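What follows is a single structure, written as structure tokens, with notes after it.
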Amino acid sequence: MLFAFGEIFAPSNFLLLVLSGIAGIIVGCLPGLTATMALALLVPFTFTMPAITGLIMLGGLYVGAMFGDAIPATLINTPGTPSAIATTFDGYPLAKKGLAQHALTANAFSSLVGGLIGTILLLTLSPPLAELGLKFGPPEYFWMAIFGLTIIGTLASQSILKGLTGGALGLLLSTIGISPIAGDVRFTFGVTNLQAGVDLMVALIGFFCIPQVLEMVEFGVKHHRPVKYKPQKGVALQTIAFLLRKPILLIRSSLIGVLIGIIPGAGGNIAALVSYNEAVRWSKTPEEFGKGNIEGIAATETANCSVVQGSLIPMLTLGIPGSPAAAVILGALMLHGMRPGAEMYTTFGHITYTFIFSFFVGVIVMFIFTAWGSRIFARMVNVPLQHLAPMIAFLAIVGSFAIRNSLLDVGLMLLFGLCAYVLHKLGFESGPVVLGLIMGPFAEQGLVQSILMGRASGSVLRLMFSRPISLVLIGLCLASVIWPMVSHWQGKLRTGQREQGPAAAEQPSAAITEEGVVMGRDQ
Amino acid sequence: MVSGLMVAQAADFPNKPITYIIPFDPGGQTDIEARRQQPILEELLGVPVIITYRPGGGGSVGWSELANSPPTGYVIAGNNIPHIILQPLQRGNAGYNTEDLEPVSLFQTTPIGLAVLKSSPIESFEDFVQYAKEHPGAITIAGSGTYSGHHIAYLQLEKLAGIKTTYIPFTGAAPQITAFLGGHTTAILANSNDLVQHQDRIRVLAIGDDQRFPSLPDVPTFVELGYDMIPRIDRGICVPKGTPPEVIAILEAAFLSIARDPEIQSQMIEQGFVPMALGAQEYKEYIALKTVEYSELMQALEDR
């Protein structure tokens, strides 16, 4: 394996790895620029390079984007790529409390852990994991989407009814455009560009970013900014030490990321949301999520980084890209005359292993950059509102245009944003709407394909309810629906106990208070 | 005056960057081909070529944008057969008409083949037809999209073989192949490059080409087996209707010289594509021919 590191640390390769990684962070930071698009732009430049150098750069860019997308999610409540949706849930509340640096360090460290665990799995378990991915057929996609929708139970902290309404709205939005299975034109009102449907990123910018801008304006008129970010010494070590005491959280989130990465179509957004949901479910203090809990950030960022390696598993072993970004890398491999499959580990073994090992180096370099940079990025919180709000609005407009070079998308984004603002005032949250939009196409495709398959095999019900992975997913759905009720009931019981005795004060807590950080009393 | 101006413009065409619309997501076959062409085009035409993605609606969003672009040759788009014929036929208003897209050059074909897994008891195309006749509707065939190349191939197959099977549309090659390799469908109608990619695991029963496919020499063609069908997906390039012929000629020459390059051709074959090199006029005639063929098929489908 020494040859791999020899290649990676060859001065030009290493320099290009670092440069492409930084480019990736920037791309990830800018909502509207996706990793996929940046990779496609890079591909022609890799023609003239040796295959190894080209792949190292592509890998670095992809990983960098997954590190970078958490930064705007934390600072301005706008995910840089759809993978960072769930990062906004706890990242932005932390930034609002003046603890942006904690949040950003947690991003960097969790992404590092996700990247490392993902790479280890990519290196050691690719063939069996790729086979596992093949077991996902239409019924499994359908149940996975339903499982995803149960996350509404976690996201709708205030009212389940409002959460479900939001989810239904998202599902409806997802039906705009050409229907994925039958090819019908739906809800386009004669506008050709609507045939493409609602782009997830356009909806994300609208639903997350615009209400924030409007609230800033509204708030800025009345008040001054309450919290300033002050750089503190030792934040990085403190945050990392805290996360290191949560190995199960980190490992679970990484595994979720890799597994969902393997499944074509399901990417970082679903992985991060599922991972977030599991973190809430297994937490002893679920009520602290959504208010600025470092564990929430860790769960999402670990998972969305390990998705990168997960999506490369079926790409390298079978030639099936697990994500759109992996599809671009597959294209680059083909243009370099390689055909993914067994050959990748034999004939082209030196290239493949160097590529995989470059992720170890890449994630460490990205970690150093983002962790070190967190003190600088965090200062963004101190930008006065009168400068910050127009800046974010500008980014939102440019970003939503850049996705598909479409003015219609800008209009849609603004429309969504205004709707989201009104909905916020009425107590509806953006999370469930976006969740519905993400899961809608999966649920629809899975269901229609399953019905077609079921009819051909004689029984739709048998197909839906008898396959092993489907049964596991159904079990998860049930658990996910029932769990919030159980934990709510448990929570009530606990508060009751707390009132009875002083012993309850000893409860370990991951709460972060405004005075500083109290990360668990159990140290 | 206007035409004089156009000739003058054509004379120094191109003198500014050309936008190359890919009406699909990055990473697809159309994109791979465009990325291969991009540096050579820039060299031949002497101006930058900017690739831009306008995905959606199975290509219709990009094509309707092209149809509404100024016919100057500075906006070009990849176009695919049968997509540009079937979408306006089936959707009524796809945002463009087939005639709005002026063909420039056709450079690549992907034959569509029928395959089963190696573990399947179906050993040959005859087995397949026989099994389908004995168990009407029980065979499931994974394809990509509805009213797409794969769907048309499926319709032709059912009609010519007199069989009944179940078509399961997927939204792209990746989920389609995952479902097939995972054994969730009996068979697959897939593009030749995917069949070549997965040849270790699958048995290709027949392929849609007029001669045997170089990368899969043991696989019979549908025509050889007695079925008059050549299902395939063609990729080419088009400009908006009304683009001056002089400009089209310049673009045509550039694309043809890439398409005829032996090195490019051998790369394509290696990856499971069939290189082609049709000029504007031949491409136009080809589209006219296919339009008649597909219209009849769609009519037959509606009558069913």
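This structure is a prediction, so every number in the text was calculated from the model and none was measured.
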Toward chain A, the part of Y147(B) with a non-hydrogen atom under 4.5 Å: side chain
Picking from P340(A), P321(A), P138(A), which has the most non-hydrogen pairs under 4.5 angstrom with chain B? P340(A)
How many angstroms lie between CD1 in I178(A) and OG in S60(B), if you round to the nearest 0.5 Å? 5.0 Å
Greater than 12 external heavy atoms within 6.0 Å of E43(B)'s CD: no
Output the distance between atom NE2 (H184(B)) and atom CD (Q449(A)), rounded to the nearest 0.5 Å. 11.0 Å
Minimum heavy-atom separation for M453(A) and I168(B), please, with both atom names. CG-CD1, 3.4 Å
Which atoms of P139(A) approach chain B - backbone, side chain, both or neither, heavy atom under 4.5 Å: neither
Would you say the side-chain atoms of E270(B) pair up with the backbone N or O of G337(A), donor to acceptor, closer than 3.5 Å? no
Heavy-atom pairs under 4.5 Å with chain B, option from A332(A), A40(A), S179(A) with the top count: A40(A)
Measure Y167(B) against the heavy atoms of chain A and call it side chain, backbone, both or neither at under 4.5 Å. backbone
Check whether T178(B) gets within reach of chain A through its side chain, its backbone, both or neither, counting any heavy atom under 4.5 Å. both
Can you name the closest pair of heavy atoms from S64(B) and N193(A) and give their distance? OG-OD1, 4.5 Å
In terms of heavy-atom contacts, does CZ of F213(B) have more than 12 from other residues, nucleotides or ligands at under 6.0 Å? yes
So, R91(B) side chain and V185(A) main chain: donor-acceptor pair closer than 3.5 Å or not? no
Relative to chain A, which of G137(B), P169(B), P136(B) shows the most heavy atom pairs under 4.5 Å? P169(B)
Identify which of H151(B), Q267(B), H198(B) forms the greatest number of heavy-atom pairs closer than 4.5 Å to chain A. H198(B)
Would you compute the distance between atom CG of L134(A) and atom CZ of R201(B) and round it to the nearest 0.5 angstrom? 6.0 Å
List the steps, then state whether side-chain contact (heavy atoms from CB on, under 4.5 Å) holds for R36(B) with L335(A). CA-CA 8 Å; R36(B) 195 189 336 248; L335(A) 291 174; 3.8 Å; yes
Interface residue of largest heavy-atom contact number with chain B, from A327(A), G197(A), S457(A), A456(A), under 4.5 Å: A456(A)
Cut-off 4.5 Å, heavy atoms of chain B, and the answer for S406(A) is both
Taking CD in E263(B) as the centre, count heavy atoms belonging to other residues, nucleotides or ligands within less than 6.0 Å. Is the count above 12? no
Would you check if P180(A) and F170(B) make a side-chain contact, meaning some heavy-atom pair closer than 4.5 Å? no
May I ask you to name which of I329(A), I181(A), L452(A), D199(A) has the most heavy-atom pairs under 4.5 Å with chain B? I181(A)
Toward chain B, the part of R467(A) with a non-hydrogen atom under 4.5 Å: side chain
Side chain, backbone, both or neither: which part of Q38(B) has a heavy atom under 4.5 Å from chain A? side chain
Checked T36(A), T192(A), V191(A) vs chain B; the most non-hydrogen pairs under 4.5 Å come from T192(A)
Contacting region of L39(A) [heavy-atom separation from chain B under 4.5 Å]: neither
Heavy-atom check, side chain of Q445(A) versus side chain of T171(B), under 4.5 Å: yes
Answer yes or no: are there more than 12 heavy-atom neighbours, outside R455(A) itself, under 6.0 Å from its atom CZ? no
With heavy-atom distances below 4.5 Å as the criterion, would you say the side chains of P39(B) and T48(A) are in contact? no
Does Q87(B) reach the side chain of Q195(A), with side-chain heavy atoms less than 4.5 Å apart? no
Enter the distance from L333(A):CG to I32(B):CD1 here, rounded to the nearest 0.5 Å. 10.0 Å
Under 4.5 Å to a heavy atom of chain A? For Q37(B) that would be neither
What heavy-atom pair brings A182(A) and T146(B) nearest, and what distance separates the two atoms? O-CG2, 3.3 Å
Most chain B-contacting option - heavy-atom pairs closer than 4.5 Å, from L41(A), I403(A), V448(A), L318(A): L318(A)
